[in-house]
Amino acid sequence: MRELARLDRKDTILLVDDEKMIKQRLKDAICKDFDILEASNGLEALKVLSANSDKVAVIVLDLVMPVMDGLQFMETFRRYREYDNIPVIVATSNEDWHTEQRCLEAGVWDFVMKPYNPDLLRFRIKNVIDRSRMIMVERDTVTGLYTKYKFYRAVHSILSEETDDTFAFVRIDIDRFKMINNFYGVKEGDRVLQSVASELRRISTAFDRFVYGRVENDVFAVCMPFQEENIELLVKALQINLRRANKDYNIKISCGVYVINDDAMEVSEMYDRAFLAAKSCKGKFSQSIAYYNESMVENMRQEQFVINEVNRAIDEEQFEVYLQPKIDLTTDCSYGAEALVRWKHPEKGMIAPDEFIPVYEKNGIIGKLDQYMWRSVCKLLRRWLDEGREPNPISVNVSRVNIYNPHLVKILRKLITEYQIPPELLNLELTESAFIEDQDLVMNTMSSLRRLGFKIMMDDFGSGYSSLNVLKDIEVDYLKVDMKFLQDQELSGKAEKVLTSVIRMAKWLHLPSIVEGVETPEQVDFLKCIGCEYAQGYYYAKPLTVAEYEQYIAREEELGVKSSADENVAIINDLWNTRSSVSRLFDMLETPIAVYEYRNEKIELLRTNTRYDADIVFEREIDEGEYARRIQQEKESLRETFARVARGDFCEPMEYELREGIWYRATVRMIGKRADTMLMMVTLCEISAYMQGDKR
Ligand code: C2E
Ligand code: CA
Ligand code: CA
């Protein structure tokens with residue numbers, strides 16, 4: 001609509017002349033073709049112009065006038081770059097070539113002789129309008145700066161000048177400019193761009209050689225002699241100006257610099273290099289300038305390489321499954337593993353996931369790689385099942401791309417059907433941030449998967465934005481706590497408290513937790529103390545090849561940890577013999593322990609150790625009736641837990657207050673089984689200090 005209106009409208013001519021008669025005659029001659037604005041001297045003309053700068057198509061200027069004459073007018077007029085594309089025609093009555101030369105130097109486009117010949121005048125006006133329209137493509141209409149096309153030519157021409165200076169190509173863009181446009185409107189966006197442009201204009205006057213333009217929507221570029229301080233000043237000036245001009249919101253600019261060491265390089269390539277540099281400071285609040293260096297190209301090449309190679313790598317099975325065991329902290333033996341991808345490239349050797357996973361996540365390829373991994377893990381589980389082993393669950397990573405894949409549920413269902421895998425053997429790790437973005441969609445997918453029998457783990461919990469609060473709305477089966485908690489500080493102070501509350505909170509929600517990145521025995525102790533159920537980390541095992549993992553499991557079995565329930569029977573028998581060495585050891589342990597027999601839901605206390613008697617057993621003073629009542633109560637509280645342990649269900653330790661302020665955590669383990677009689681060991685751990693810490 002606006003375009004149409006402009007087409008219909010006549011072009012506007014500004015007539016600047018002090019002689020009323022002449023002006024009138026002129027008006028009569030051209031008013032049919034043009035709209036007319038008038039001024040009677042240079043100063044008045046500047047005023048009219050500033051109120052109508054977007055309208056005036058041509059200025060017809062008298063030279064001899066009072067207040068401010070034609071040449072003085074030109075001098076001021078030329079300083080405004082936004083008037084650059086308004087042509088000026090000088091009306092002159094003397095044929096003095098000297099004046100004519102000065103006019104041309106001042107930027108006058110054409111001349112007409114007084115008295116006017118109306119036809120000739122109309123013709124000349126039309127002519128300069130056409131020429132200025134041509135030039136408009138070299139000028140950006142919003143800011144009046146050079147367009148990309150014109151700017152590149154200008155860069156080319158200053159670089160071809162004879163000079164010893166090294167130049168810099170600077171690319172400046174406004175972070176989150178789209179947001180300004182969306183939030184505050186296009187007009188406000190234009191205003192921001194204009195303020196950058198006018199600051200660039202101001203700065204340009206301080207340099208001899210300084211070309212600049214607006215090369216894209218919110219991107220400006222400058223080519224200037226290279227000096228680090230000057231570039232810093234430039235960016236600072238732009239930043240300060242933007243802050244001053246926009247008090248309501250913060251605008252940050254990012255600036256990429258390429259120091260030109262090859263003048264013959266295509267300008268567009270200089271731009272690309274500055275852009276590559278700018279990317280490295282985009283979104284970082286503290287950094288606004290980044291210099292291009294060769295390693296950036298190397299990184300880009302590397303990215304390109306891993307993208308190009310992915311199909312071949314999948315076809316040739318270069319990606320391999322590594323398995324990192326997860327450790328059950330109540331037994332210290334492994335309970336399944338996480339599958340992690342490793343790339344064994346035929347020429348480059350081992351490529352770490354950090355080098356390709358982020359790239360694949362960026363462009364969606366990760367979806368395909370994930371599925372390749374899932375299939376590999378299914379094949380592996382199938383083999384183990386066929387070999388008659390009883391594998392524990394293996395978890396696989398599910399990237400964000402796949403969560404948004406509408407076929408995800410179908411794909412997974414198809415896989416486990418194809419390989420005949422019980423769904424509870426394939427656990428799914430979903431990164432925390434995925435849960436936040438599109439909660440409804442993720443929730444729906446999760447429920448479908450859980451209904452099919454898959455177990456879901458929330459991965460990297462605590463690495464991003466989620467609060468403990470989101471946990472209560474999200475249906476997952478396990479919480480994987482990000483390793484940053486362990487690595488942040490030496491376990492002390494805040495990190496420790498946070499980790500403790502995360503684990504506690506998870507317990508309230510009946511979510512077992514797995515803490516990642518466990519590297520030291522101190523960390524293990526701490527995790528056991530706060531009741532964390534599982535751990536994963538170098539302390540126990542690095543990610544292993546499948547063969548190594550199989551050996552690892554075999555060794556565990558050999559050591560008898562896994563089948564302890566059967567093999568410990570001999571030890572248990574010794575326990576009843578109070579003079580046996582096992583029994584003496586039992587009594588020496590600094591942990592309160594009680595052993596119960598459990599059969600057909602009946603509980604019998606068999607044996608307690610010395611520490612148990614000292615710390616736990618009730619005061620001697622109480623009468624027999626009261627004693628029996630308490631024993632009964634204790635049995636009641638154990639009954640449910642024993643039933644669950646007997647069924648092989650996951651069972652979290654119980655926390656209870658023994659006396660005012662004295663808290664214990666009881667962990668139950670089945671240590672022996674014969675027919676329908678089970679031996680249950682209850683280990684107690686005093687946690688009063690942690691509970692108090694909690695309340696403090
Ligand atoms: P993640 O899922 O958080 O995996 C855990 C990472 O921590 C693994 O790194 C593992 O090797 C490392 N790690 C384990 N224990 C320790 C420890 O004690 N200390 C330290 N410092 N690190 C430990 P990895 O294998 O390099 O994988 C990095 C990330 O790449 C993974 O983080 C995961 O996000 C992604 N990834 C790996 N394999 C796959 C995959 O098959 N599919 C998808 N989508 N992502 C994968
Ligand atoms: Ca993971
Ligand atoms: Ca993780």
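These numbers come from a predicted model, not from an experiment. Remember, it's 1-based here, ligands and their atoms both numbered in the order they're listed.
Summarising the local packing, CD of E640 is surrounded by 12 or fewer heavy atoms from other residues, nucleotides or ligands at distances under 6.0 Å.
At a heavy-atom distance under 4.0 Å, atoms from both the backbone and the side chain of V341 approach ligand 1. Contacts of V518 with ligand 1, taken as heavy-atom pairs under 4.0 Å, involve the backbone alone.
Those atoms of ligand 1 with a heavy atom of D459 less than 4.0 angstrom away are 2 (O). Those atoms of ligand 1 that come under 4.0 Å of a heavy atom in S399, given as number and element, are 44 (N). Taking every heavy atom of I357 and a limit of under 4.0 angstrom, the matching atoms of ligand 1 come to 36 (N), 39 (C), 45 (N), 46 (C). For ligand 1, the atoms lying closer than 4.0 Å to a non-hydrogen atom of D460 are 3 (O). Within ligand 1, the atoms closer than 4.0 Å to a non-hydrogen atom of M373 are 41 (O), numbered from 1 in the order shown. Set against the non-hydrogen atoms of E516, the atoms of ligand 1 under 4.0 Å away are 3 (O), 5 (C).
The shell of residues lying under 4.0 angstrom from ligand 1, judged by heavy atoms, excludes A352.
Side-chain N/O atoms of E338 and N427 include no donor and acceptor closer than 3.5 Å. No hydrogens or angles considered: nothing links the side chains of Y335 and E533 as a donor-acceptor pair under 3.5 Å. No side-chain donor-acceptor contact under 3.5 Å links Y258 and D272. For the residue pair K368 and N311, a side-chain donor N or O sits within less than 3.5 Å of a side-chain acceptor on the partner. No side-chain donor-acceptor contact under 3.5 Å links S395 and K480.
When the heavy-atom distances from atom 14 (C) of ligand 1 to Q324, E519, R400 are ranked, the shortest goes to Q324.
On a distance-only criterion, E338 and ligand 1 share at least one N/O pair closer than 3.5 Å. Considering backbone and side-chain N/O of R342, one or more are found under 3.5 Å from N/O of ligand 1. Inclusion of I366 in the set of residues having an N or O under 3.5 Å from an N or O of ligand 1 is not warranted. Here's the thing with D370: one of its N/O atoms is less than 3.5 angstrom from an N/O atom of ligand 1.
A heavy-atom distance below 4.5 Å is found between the side chains of N405 and Q371.
Relative ring orientation between Y478 and Y534 is described as perpendicular, the plane-to-plane angle rising above 60° on a 0-90° scale split at 30° and 60°.
Residue contacts to the Ca ion (ligand 2): N397 brings an N, O or S atom closer than 3.0 Å. Residue side and main chain included, D459 places an N/O/S atom under 3.0 Å of the Ca ion (ligand 2).
Between the OE1 atom of E429 and the OE2 atom of E338, the angle taken at the Ca ion (ligand 2) works out to 80° after rounding to 10°.
Using modelled atom types, no side-chain atom of E432 and backbone atom of M458 make a donor-acceptor pair closer than 3.5 Å.
When all heavy atoms are compared, the tightest approach of I662 to S688 is CA-OG, 3.4 Å.
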(request) Apply side-chain contact (heavy atoms from CB on, under 4.5 Å) to I174 and I253, showing your working. (result) CA-CA 4 Å; I174 301 169; I253 55 174; 4.1 Å; yes
